[in-house]
Amino acid sequence: MEPETLVLGLTGDVMIGRSVDPVISQEGYDYVWGDVLPLLRATDVNLINLETTLTRSTKSRPKVFHFKASPDKVNALTRAHVTVANLANNHLLDYDGQGLEETCHTLREAGILFTGAGLNYLEAARPAILHAGIFRIGVLGMTDNEPGWAAGPDTPGIHYVNVEDRGSRELVIAAMKTLRRQTDLAIASIHWGPNGRERPSASFIRFAHELVDAGTDIVHGHSAHIFQGIEIYQSRLILYDTGDFVDDYAVDPDLRNDLSFLYRVRVSARGPESLMLTPVRIGAYQVNLARGAEAAWSLRRIRQLSSALGTDIPASGELPIRTG
């Protein structure tokens with residue numbers, strides 16, 4: 001008899017605010033997911049980076065881009081079976097503490113777990129823990145963006161980590177060791193690095209390895225707005241950057257930030273067993289399956305980027321993580 005498994009879906013940034021918000025109001029909550037929706041509904045657990053607030057607040061912080069969606073748009077997330085959202089990113093405080101608090105409240109009322117932000121440091125550094133089948137899964141969210149937004153002892157904010165600072169990394173590593181003892185599957189979801197970076201830096205690779213050495217099964221990276229390579233390290237999965245999944249952003253014709261993947265990981269009691277890469281494309285405020293030349297480009301590109309990290313991804317996009 002085959003051991004019990006589950007399928008975990010991971011995506012890059014989900015930005016359903018700004019001009020996506022009125023489109024959802026007009027077209028319905030399912031619209032943004034296009035023909036990817038059946039795949040999202042077929043997984044056991046879905047983890048996203050939520051790159052917007054869900055708030056009515058009009059008190060914005062001084063910065064260039066501000067993202068918010070009306071709180072009812074949480075229904076778009078529940079329709080796509082979003083189970084856990086990372087909130088540690090550079091947009092959660094776009095509308096100040098009120099926006100953060102309303103976002104957390106909205107997700108909680110909808111039954112969506114979140115991690116990486118809270119009304120104080122203890123809340124922001126708290127992992128999300130859930131049960132799926134026989135598995136107890138833990139997700140710890142963090143970001144190296146916006147150090148000024150770090151949650152304090154009594155102030156709202158994000159779970160900030162300075163990847164270049166050993167003491168800051170050690171706090172996260174200790175937290176992951178604790179999470180590993182409490183769960184069957186430990187995931188680190190991290191919003192890190194600048195926009196448009198095509199490859200992880202040496203310090204990011206070091207930190208990802210430290211996380212795995214601490215017991216992390218999957219490193220779920222995001223922030224660059226483009227996908228980066230994949231590494232299998234110690235039979236664990238490192239997704240250095242999962243790119244964008246839904247947004248209204250301008251498309252760079254060279255970097256192709258409109259192209260990425262739905263990352264589906266099959267997990268057993270031993271940990272991640274395999275990864276299925278499904279190419280997707282963003283267009284008209286909607287994500288759909290990529291086809292033809294665009295799908296081929298994405299698969300060719302991620303195979304190149306991953307090869308440089310020592311990971312050979314088959315042309316099919318199906319990557320075994322363990323053999324035998």
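The main-chain N or O of Leu179 is found under 3.5 Å from a side-chain atom of Thr183 such that the two form a donor-acceptor pair. A side-chain donor-acceptor contact under 3.5 Å links Asp44 to the backbone of Val7. The closest donor-acceptor contact from the side chain of Thr311 to the backbone of Ser307 lies at 3.5 Å or more, if one exists at all. The main-chain N or O of Leu119 is found under 3.5 Å from a side-chain atom of Glu123 such that the two form a donor-acceptor pair. With Asn257 contributing its side chain and Asp252 its backbone, the two residues share a donor-acceptor pair below 3.5 Å. Side chain of Asp248 to main chain of Ser19: a donor-acceptor pair is present (N/O by atom type, distance under 3.5 Å, no hydrogens or angles). Panel note: side chain Asp144, backbone Val161; no donor-acceptor pair is recorded below 3.5 Å. Using a distance-only test at 3.5 Å, with no hydrogens or angles considered, no donor-acceptor pair links the side chain of Ser168 to the main chain of Asp165. Counting only distance, with no hydrogens or angles, the side chain of Thr242 and the backbone of Gly221 share a donor-acceptor pair below 3.5 Å. At distances below 3.5 Å, not a single donor-acceptor pair connects side-chain atoms of Asp96 with backbone N or O atoms of Ser60.
A side-chain donor-acceptor contact under 3.5 Å links Arg266 and Thr5. Side-chain polar atoms of Ser25 and Lys73 form a donor-acceptor pair below 3.5 angstrom. At a cut-off of 3.5 Å, with distance as the only test, a side-chain donor of Thr178 or Arg181 sits close to an acceptor on the other residue. Asp94 and Thr53 share no donor-acceptor pair across their side chains, judged by distance under 3.5 Å alone. If you check the side chains of Glu231 and Tyr240, you find a donor sitting under 3.5 Å from an acceptor.
Ring orientation note: the planes of His91 and Phe67 are close to parallel, at an angle under 30° on the 30°/60° scale.
Contact check for Asp241 versus Pro200: no side-chain heavy atoms found under the 4.5 Å cut-off. When side chains are defined from C-beta on, Thr115 does not count as touching Arg126, because their heavy atoms never get closer than 4.5 Å. Side-chain atoms of Ile230 and Tyr263, non-hydrogen and from C-beta on, do get closer than 4.5 Å to each other. Counting only heavy atoms from C-beta outward, the side chains of Val287 and Arg281 never approach each other to under 4.5 Å. The shortest side-chain heavy-atom distance between His225 and Glu51 falls under the 4.5 Å cut-off. Taking the side chain as every heavy atom from C-beta outward, Val82 and Val84 never approach each other to under 4.5 Å. With a 4.5 Å cut-off on side-chain heavy atoms, Asp312 and Ser306 do not count as touching. A 4.5 Å side-chain heavy-atom check between Leu319 and Leu277 finds every atom pair outside the cut-off.
Atom NZ of Lys63 sits in a crowded spot, with more than 12 heavy atoms from other residues, nucleotides or ligands closer than 6.0 Å. No more than 12 heavy atoms of other residues, nucleotides or ligands lie within 6.0 Å of CD in Glu101, so this atom counts as exposed by the packing criterion. Within a 6.0 Å sphere centred on CZ of Arg180, heavy atoms belonging to other residues, nucleotides or ligands number more than 12. Residue Arg56 places its CZ atom among 12 or fewer non-hydrogen atoms of other residues, nucleotides or ligands, all under 6.0 Å distant. Atom OH of Tyr160 has more than 12 neighbouring heavy atoms from other residues, nucleotides or ligands inside a 6.0 Å radius.
Listed here is the closest heavy atom pair of Pro272 and Val265: CB-CG1, 4.0 Å. The two residues His66 and Arg18 have their closest heavy-atom pair at O-CD, 4.3 Å. Between Asp13 and Asn49 the shortest heavy-atom distance is OD1-ND2, 2.8 Å. Contact record, Ala125 with Leu140: O-CD1, 3.4 Å, taken as the closest heavy-atom pair. Between Leu54 and Ser70, the closest heavy-atom pair is CD2-O, 4.3 Å. Pairing each heavy atom of Thr143 with each of His191, the nearest pair is OG1-O, 2.7 Å.
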> Does the pair Tyr233 and Val219 meet the rule for a side-chain contact (heavy atoms from CB on, under 4.5 Å), with working shown?
Replying inline: CA-CA 10 Å; Tyr233 172 74; Val219 177; over 6 Å; no
>> Run Phe114 and Arg108 through side-chain contact (heavy atoms from CB on, under 4.5 Å) and show every step you take.
In response: CA-CA 8 Å; Phe114 58 87; Arg108 194 178 292 114; 3.2 Å; yes
> Between Tyr29 and Asp72, does a side chain to side chain donor-acceptor pair (under 3.5 Å) hold up when you go through it step by step?
Replying inline: CA-CA 9 Å; Tyr29 297 123; Asp72 72 286; 2.8 Å; yes
> Given the rule in the side-chain contact (heavy atoms from CB on, under 4.5 Å) test, do Ile48 and Asn86 qualify, once you have shown the distances and angles that lead to the verdict?
Replying inline: CA-CA 6 Å; Ile48 68 167; Asn86 172 69; over 6 Å; no
>> side-chain contact (heavy atoms from CB on, under 4.5 Å), that's the test. Do Tyr249 and Phe65 meet it? Break it down for me.
In response: CA-CA 11 Å; Tyr249 308 151; Phe65 298 111; over 6 Å; no
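A salt bridge does not link Asp184 to Arg136: none of the charged side-chain nitrogens sits closer than 4.0 Å to a carboxylate oxygen. Note on Arg301 versus Glu198: salt bridge recorded, some NZ/NE/NH1/NH2 to OD/OE distance being below 4.0 Å. Look at Arg291 and Glu294 and you find no salt bridge, because none of the NZ, NE, NH1 or NH2 atoms lies under 4.0 Å from a carboxylate O. With respect to the salt-bridge test (charged N to carboxylate O, under 4.0 angstrom), the residues Arg169 and Glu164 do not qualify. A salt bridge links Asp258 with Arg256: the closest approach of a Lys/Arg side-chain nitrogen to an acidic carboxylate oxygen falls below 4.0 angstrom.
Distance CD/Glu102 to NZ/Lys68: 9.0 Å, rounded to 0.5 Å. Annotation: the span from Trp149 atom CH2 to Leu100 atom CG amounts to 9.5 Å, rounded to 0.5 Å. Rounded to the nearest 0.5 Å, atoms CZ (Arg199) and CD1 (Ile226) are 9.0 Å apart. Rounding to the nearest 0.5 Å places CG of Asn145 at 7.0 Å from CD1 of Ile158. In this structure, CG in Asp244 is found 9.5 Å from OG1 in Thr11, a value given to the nearest 0.5 Å. For the atom pair Arg270 CZ and Ile321 CD1, the distance stands at 11.0 Å (nearest 0.5 Å).
In this structure, Leu107 is a member of the same hydrophobic cluster as Val32, with clusters built from ILVMFWY side-chain heavy atoms closer than 4.5 Å. No continuous path of ILVMFWY side-chain contacts below 4.5 Å connects Leu40 to Leu259, so the two sit in separate hydrophobic clusters. Side-chain heavy atoms closer than 4.5 Å link hydrophobic residues (I, L, V, M, F, W, Y) into clusters, and following such links, even through other members, never connects Leu211 to Ile232. The hydrophobic clustering, which links ILVMFWY residues whose side-chain heavy atoms are closer than 4.5 Å, places Leu37 and Val23 together. Under the 4.5 Å side-chain contact rule for hydrophobic residues, Leu289 and Ile282 do not share a cluster.
For the pairing with Leu77, the side-chain contact (heavy atoms from CB on, under 4.5 Å) check across Thr83, Asn46, Ile16 returns one residue only, Ile16.
A cation-pi arrangement, defined by a distance under 6.0 Å to the six-membered ring centre and an angle within 45 degrees of its axis, is present between Arg197 and Phe204.
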